[in-house]
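Step one of this worksheet: look at the structure below.
These values consider heavy atoms only, across backbone and side chains, with no hydrogens, waters or symmetry-generated copies.
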Amino acid sequence: MHRKWRGRTKRTDVWGPGWKKELLFIGFLLLFAGLKQYLTYNLPIMAVPKGIHDDWIMVHLADTLRSGQWLGEYNDLTLTKGMFFPLFLALCNYLHISYLVGASLFYTAGCVLFVYALRPLLKPYWARGILYLALLWNPISYSVQAFQRVYRNSISHAQVLFIFAGFLALYLRRREPVKRQMLWALVAAIGTASFFYTREDAIWLLPFLVVFVLVYGGSLLGLFWKERHKAFLVKLVLLALPFVILWGTGQTIARLNEKHYKIFTANELQDSGFSKMYKSMMAVKPGEDIPGVTITREKLSRMCEACPTLKELEPYFDSSREYWAGEEGDPENWEVRDGWMFWIIRTALSQAGYYTDGATANQICLRIHEELEAAMEEGTLERQATMPSTYMSPWRTGYLGELFGALWDSFVYTNTYEEMETLIYLYSEPDDNGGIPLFERITGNMAVWYEADLLELAGWYADLSGMENVSLQLENEAGELLQQVELLESQDIAAYMRDQGLYAPGMEKCRFLVKYRQQEESPIFLCGYRGKEKISSYLLTEELSREEGPKAWLNVDWYWDVPERHGELDQIAWKGTVLNKILLVYQVTGPLLAVLGFVAYLWLCWGYLSGGAKRRRRARRTIYGNRTEEKAKASRELEKWLVTSSLLGSYLVLLLGISYSQISGWNAILYWYLSGGYPVMTSFGVCALLFALGRLFPFRHSQ
């Protein structure tokens, strides 16, 4: 019912009989969202600055984005990870929102959107409330490795909810006006574009997207054929929006990378000369069969003999092999599993000096790719079948049984919430480059060091009259010596000062790295001496970065004075207790929900397959009004079956991919790699039970 108001159409049923219930429901959502936010906002983060290939590169890229330098300097790490998570960190930092607050709000938004997306199927407020609470308090959203750790897995579960919310809402509202669908198309676009440019393994959602396009597109064409209404064709065009935005996002990233690094790609591991080269390397058949190792040492040696360009890299391959092979066995004979071998190749390319820019690295990789392909065509190297994904290990005899075993293990693992916990006394290990302060600065959250009494300072000090007889030392406020500072080699600084026209003899040795354990809290000074004469003094603070005086220059690369934070942790320890008790509830009920969800789903399948034909025949025999009602019921039954099937199917595809990685390449059954699957499985179980309950006791459809 509509009426004209000031020249515009205004709905008169907005404030209908159910508006009070709707406001109460919104209040219910906000209440528990606020409680969740309160319990998680000031937890300590897990900073892993030593993880340069994972955690550190994410934070480093966020730092360069925040400072307007795109992705910073180009090297073998720059274009190996999706850039959305660094962008997420940089955006939170720009908005002065801490990382934990941002991640928690992002996930909460996903929960709300998913619940509202299923509103046509879950009419009662209590049913949607149950689904919301089950998703909101899922332990994946406050666990150490998928929330407190500053890594991209912490937003995967939110992105997945955005994707399912957007696409399922479009299908369930296919008869509604186009304007109401645009918001859901945008939600689907945000989820899809962000997820596919966060993780390289986002392909596990591709089957869902393909099936959705076929089902939704076919449904719209069928409706247009019956009703001849052009709105259905407009909705068909709107369906393309998420995929156009996905493509456009990739093109934008690639063009920016071309501008800065001379290579047109969004990610070198997915689309570049490196990915083609590595695909060819995986295609060469090894001379010995080692489980989980496709590029064996023996095979790499043969490839080097057959490929002149690869031969140039051979001296560099072993330099990082021990790091990736682990600590067991003989270092001379270690083999690197498939999950990490590509890092050996990239490190070798870097050490050989090819990562000067993207064009140079890409050209070398393409040359190696062409030489390997030529060698396999000539028969110098034997070719073997590979998997569709470049980095997946080739299929081996005996994998089928192992795959089903790993699939069961991953199913049990996810539904028992194994290994999850929330930690308050979560200690981060410091590294040698001052990484933990960088994590804190970018995230706005606190980390906790093992060494809470440590002061660390690094940089260089150059006396402009010469470094002969110059020394540095730490002093307290009273001028008492705390520690003598050793001056280290600094050829780069000497070259830099020559460029500035300020070189003085001895500047080849002016760097320093200071680690001092404090006995008590007091101001500390870095003092320069020539002989016994004090010529400079600097109070050490976090603001101290560069001092260019007429007699001496001081540059501080990093300085941190580890704060004592056990008092703060003691104050929030109760939060960890509460969250871990909620986790315990999920660990106890998770297996039961999985079993009941599967039973309910099988019953829904049987009911749809056996009852659909009867309902359609009954609809043809009834009068027009009842016929319409019967058709609507049949349509809702189909929608419930499609929703639960899409959730279950996507969850199983993820488990299948992770299980294959587990048996073939690396230890993959870990909850942070499976993080996107937890809300999907929870949604499946809860929805299947609610839909089955609705068949037994039909819900009232009033709002």
Side-chain angles (χ1 to χ4, degrees), residues 53-54 79-84 152-153 156 159-160 163 192-193 195-211 246-247 250 253-254 265-286 290-296 299 324 336-346 362 365-366 368-369 372-373 376 383-400 402-404 406-407 410 649-670 672-677:
H53 301 87
D54 296 315
L79 301 181
T80 58
K81 304 282 186 179
M83 58 83 61
F84 181 80
R152 57 185 181 170
N153 301 308
S156 295
Q159 293 167 319
V160 167
I163 292 172
T192 306
F195 189 55
F196 275 75
Y197 292 107
T198 296
R199 298 199 55 84
E200 297 75 54
D201 58 0
I203 195 172
W204 66 272
L205 279 178
L206 188 60
F208 163 74
L209 297 177
V210 171
V211 173
L246 174 64
W247 175 83
I253 296 172
T265 184
N267 187 298
E268 285 186 336
L269 298 188
Q270 293 179 304
D271 180 26
S272 70
F274 182 86
S275 62
K276 293 178 180 178
M277 175 196 70
Y278 199 77
K279 182 80 169 179
S280 297
M281 297 178 78
M282 295 289 279
V284 176
K285 187 175 182 178
I290 301 177
V293 181
T294 301
I295 304 179
T296 62
K299 169 179 160 177
W324 292 106
V336 178
R337 298 194 73 186
D338 290 349
W340 302 287
M341 187 62 202
F342 71 91
W343 287 118
I344 301 287
I345 308 299
R346 292 187 71 83
N362 202 55
C365 291
L366 286 174
I368 295 173
H369 159 69
L372 288 172
E373 289 296 319
M376 285 186 281
R383 187 185 296 273
Q384 67 176 355
T386 58
M387 299 295 284
S389 175
T390 301
Y391 304 94
M392 289 182 72
S393 304
W395 181 268
R396 286 183 169 90
T397 304
Y399 268 4
L400 187 59
E402 294 181 34
L403 182 60
F404 279 109
L407 189 62
S410 59
S650 299
Y651 168 73
L652 293 178
V653 169
L654 173 61
L655 293 196
L656 191 65
I658 289 292
S659 299
Y660 187 79
S661 297
Q662 175 75 18
I663 66 173
S664 65
W666 45 286
N667 182 24
I669 302 180
L670 298 167
W672 47 100
Y673 296 131
L674 287 157
S675 60

Residues two or more places apart in sequence or in another chain: which of them pass side-chain hydrogen bond (donor to acceptor under 3.5 Å, both in side chains) with [X]?
X    : answer
S410 : S659
T265 : none
E373 : S280, R383

*For the pair D271 and K276, find out whether any cationic side-chain nitrogen is under 4.0 Å from an anionic carboxylate oxygen.*
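Answer for the salt bridge query: no.
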_Passing option when Y391 is tested against W666, Y278, Y660 for ring pair (Phe, Tyr, Trp, His ring centres under 6.0 Å)_ =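 That would be Y278.
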*asked:* Taking the side chain as everything from C-beta on, heavy atoms only, tell me whether F274 gets closer than 4.5 Å to N362.
replied: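 Sidechains of N362 and F274: no contact.
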*Within-4.5 Å side-chain heavy-atom neighbours: L366 and M277*: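 A side-chain contact under 4.5 Å is absent here.
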*Does any N or O in the side chain of N153 come within less than 3.5 Å of the main-chain N or O of Y673, such that one atom is a donor and the other an acceptor?*
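Pair absent, no side-chain N/O of N153 close to backbone of Y673.
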*Side-chain (Q662) to main-chain (N667) donor-acceptor, under 3.5 angstrom*: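 No; zero donor-acceptor contacts below 3.5 Å.
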*asked:* Please determine whether side chain to side chain contact (heavy atoms under 4.5 Å, CB included) holds for the pair V160 and W204, giving the CA-CA distance in whole Å, both sets of side-chain angles, and the decisive distance to 0.1 Å.
replied: CA-CA 11 Å; V160 167; W204 66 272; 3.9 Å; yes
Would you list the atom pairs, donor with acceptor, under 3.5 Å between side chains in residues 337-346 and any protein atom, with sequence neighbours excluded?
| unit_1 | atom_1 | unit_2 | atom_2 | d |
| --- | --- | --- | --- | --- |
| R337 | NE | G665 | O | 3.2 |
| D338 | OD1 | T294 | N | 2.7 |
| D338 | OD1 | T294 | OG1 | 3.4 |
| D338 | OD2 | T294 | OG1 | 2.6 |
| D338 | OD2 | S393 | OG | 2.4 |
| R346 | NE | D76 | O | 2.9 |
| R346 | NH1 | E268 | OE1 | 3.4 |
| R346 | NH1 | Y355 | OH | 3.4 |
| R346 | NH2 | D76 | O | 3.1 |
| R346 | NH2 | E268 | OE1 | 2.5 |
| R346 | NH2 | Y355 | OH | 3.3 |

*For the pair V293 and V336, evaluate side chain to side chain contact (heavy atoms under 4.5 Å, CB included) and give the outcome as yes or no after the intermediate values.*
CA-CA 6 Å; V293 181; V336 178; over 6 Å; no
*Quick one: do L205 and F195 satisfy side chain to side chain contact (heavy atoms under 4.5 Å, CB included)? Show the steps, please.*
CA-CA 10 Å; L205 279 178; F195 189 55; 3.6 Å; yes
*Return yes when atom NZ of K299 has more than 12 non-hydrogen atoms of other residues, nucleotides or ligands closer than 6.0 Å, and no otherwise.*
yes
*Please, which pairs that meet salt bridge (charged side-chain N to carboxylate O under 4.0 Å, His left out) have at least one residue in residues 386-400, sequence neighbours excluded?*
D289-R396
_All pairs passing salt bridge (charged side-chain N to carboxylate O under 4.0 Å, His left out) where residues 196-209 contributes a residue, at least two apart_ =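 Qualifying pairs: R152-E200, R199-D201.
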